[in-house]
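Following: one structure in structure tokens, then a few remarks.
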Amino acid sequence: MKAHTLSVLVENRAGVLSRVAGLFSRRGFNIESLAVGTCEEPGSSRMTIVVESDDSQIEQVQKQLNKLIDVIKVSDITENEIVERELALIKVNAEPGSSRAEVMQIASIFRAQIVDVGSKTVVLEATGDTNKINALEKLLRQYGIKELVRTGKIAVLRGSKTVQSSK
Amino acid sequence: MKTGAKILIEGLQREGVETLFGYPGGSVLPIYDELYDSSLRHILVRHEQAAAHAADGYARASGRVGVCLATSGPGACNLVTGIATAYMDSVPIVALTGQVPTLLLGNDAFQESDITGITTPITKHNYLVKETKDLGRIVREAFYIARTGRPGPVLIDLPKDVCTNQIPGENHLPDHISLPGYRPTYKGHVRQIEKALEALERAERPVIYAGGGIIASGASTELVEFAERGLLPVTTTLMGLGAIPADHPLNLGMLGMHGTEYANYAVTECDLLFAIGVRFDDRVTGKIQTFAPNATIVHADIDPAEIGKNKKVDVPIVGDAKAILQAMLHRMNRRDGRESWLEKVRVWKEKHPLRYRCDGRLRPQYIIQELSNILNGEGIIVSEVGQNQMWTAQWYRFKKPRSWLTSGGLGTMGYGFPAAIGAQCARPDETVFDIAGDGSFQMNIQELGTVAQTGLPVKVAILNNMYLGMVRQWQELFYDRRYSYTELPPVDFVRIASAYGIDGMRVDAAEDVRQALRAAIDADGPFILDFRIEREENVFPMVPAGAAINEMIGGHSG
Ligand SMILES: Cc1ncc(C[n+]2csc(CCOP(=O)(O)OP(=O)(O)O)c2C)c(N)n1
């Protein structure tokens, strides 16, 4: 079992997300993360799906996705050179004084932004690959994380290669 | 200006639809009103499940797209079993459902159900039409998707206001269909086809394992030619019966759980399995590790997702069965040799034929054999599910594609009778027989009303054992004869039929079988035969679930 990153180009139609998500649950495939938004092709969206599976199963996942009429193109980009990012918003306990200073120091090491400051908390915005966000999360735990949201991974191929719509 | 309902009817006509099966209700009144003036033939069923099965039977018998129509909520939900049945067997149907007006969508309005949500896992694709202007395009896409690639059911959900709204313009049916995410592959890859031919050439003990894909793509002639030229024994799945004539010397009959011993031995011992239009279903393969354990496996199928899904494949070929076989025939020479393999297969066939006890008592196998003798491969045979289905598969000698309709993938009791109605509509000149169990027949027995009203001359042969026979058989073999809730009280089916004004006959003795079958066939209208068969007759041979297919029980006992 390993994490595979799929880049899936779909038509922007009502119900596409539920078809894709339903396919995963129905066939017992495990979604780690799923991020979706519009993309460069008008009328289309791109999904980045991270799925835990072995090699033979990932082939079946891709084939089943390809069978959906609204799915235009599926690519497993795991083995490619990719740029991948996740965005996290983390609300951490940070009383004015020493702990707030420490949290801010950690944020700057991770190049995270402080995007909100409350009387007892700060909110950090961090982007990076999954490992980096995991590491930041781990460090911040000792101060007490009050709330954490992550977008799930998005990814593109490096260089001029693209994941295009020719199926 | 045109209403949505008008556009819908024109769309159906444009797709060549002549008959549809349905049941009215509030949400589809605008469609029914439009039907009233149209040239389309509407068959009023007695339960929407039957409308879906009838559309399915129509499609399987004709090779065209079957259409059913139901109202919103309960009507739509009643289609579900029929849609799932068509989905599992890759049958092209278009299901039209009424829906509450768009303004009420999502409000739990009267008779609302999220039928697109409900049917997403059991349709090839489905649509909820939100605006009348999209309707023409959607109808065209739906038929295109249903009939192309791997065929399957498509549902269109039609809110009432979408059907009543008027939009300007005359022609709302686009000439071009643009579906960038849908491009089925028909032609097999040349290099893969060559690889398959090389493997075939090398093989000493090849077997063809052919399925419903041969029927769907109309590839029977090519299959027979291919088998003859390559000296290749052929076994078919339940869905593939009729792909090669039953009496063809290379035909091994059906394989799998209730397949012939010789087919199962041949598959177990083959060194090359040429699988085409099949999906390695567990009822076929038994324990998958021991299925064709020593064979190079070539798998040709139109659906890439089927290849390698259940069994590792050495040579995959994606494409339409007919196109692939044609391409292979184009490059293939006549083959000599393989005498010892063909001889071995012939000896298995001779030593282990299908059998049953002939002692003058009324045995179901005999009834089917007699029907087969009388019809001689003509006609359309539909079955229900259970022992009746397996006996028919074993004992009816199918000679042509599209002469055998059965629910293979889902195994739906109650399929046969309404599917027979659909088949009879599609091919009015054929004799259509539903071979039924008393349990299955009672699942859609209300359709006696439909045949009575339409006069469709469907024949029903009930193999009446007063049991849910197949389940009773499993209880006998695997649950120590504890017949928990599988006994059915006797029913006088002839009197029920007669209440609908339909003729029938009860048969208790073997010597009356032939004459009774003749009477049914010769009757102008529908006819019900109630055969009171040996109550505890079993289907043999049988591969217990999870065993290897060469580990059959009951093979020789009869
Ligand atoms: C709708 C449905 N419910 C339950 C079953 C499970 N089942 C399979 S075979 C069978 C018995 C069928 O009995 P009958 O129709 O009398 O046919 P027989 O086996 O006696 O020929 C049952 C209950 C099924 N296949 N379909």
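Numbered from 1 within each chain, the chains take letters A, B, ... in sequence-line order. Atoms considered below: every heavy atom in the structure, side chains included; atoms not considered: hydrogens, waters and symmetry mates.
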Neighbour count above 12 (heavy atom, 6.0 Å) for A:Lys63 NZ: yes
Should we say atom CD of A:Glu81 is surrounded by more than 12 heavy atoms from elsewhere, each under 6.0 Å from it? no
Starting at OG1 of B:Thr116, measure out to CZ of A:Arg19 and round the result to the nearest 0.5 Å. 7.5 Å
With A:Lys67, which of B:Arg150, B:His125, B:Lys124 fulfils side-chain contact (heavy atoms from CB on, under 4.5 Å)? B:Arg150
Just wondering, more than 12 heavy atoms not from B:Lys311 lying within 6.0 Å of its NZ? yes
Under 4.5 Å between any side-chain heavy atoms of B:Arg183 and A:Asn66, yes or no? no
Please determine whether the number of non-hydrogen atoms from other residues, nucleotides or ligands lying under 6.0 Å from atom CZ of A:Arg111 exceeds 12. no
All heavy atoms of B:Ala305 vs all of A:Gln60, minimum pair found to be O-NE2, 3.2 Å
More than 12 heavy atoms of other groups within 6.0 Å of A:Lys132 NZ: yes
Atom CZ of B:Arg14 with >12 non-hydrogen neighbours under 6.0 angstrom: yes
A:Glu59 CD to B:Lys309 NZ distance, which is reported to the nearest 0.5 Å: 13.5 Å
Most contacts with chain A, counted as non-hydrogen pairs under 4.5 angstrom, among B:Ile145, B:Leu179, B:Asn126: B:Asn126
Indicate the atoms forming the closest heavy-atom contact of B:Pro180 with A:Glu11, along with that distance. CD-OE2, 3.3 Å
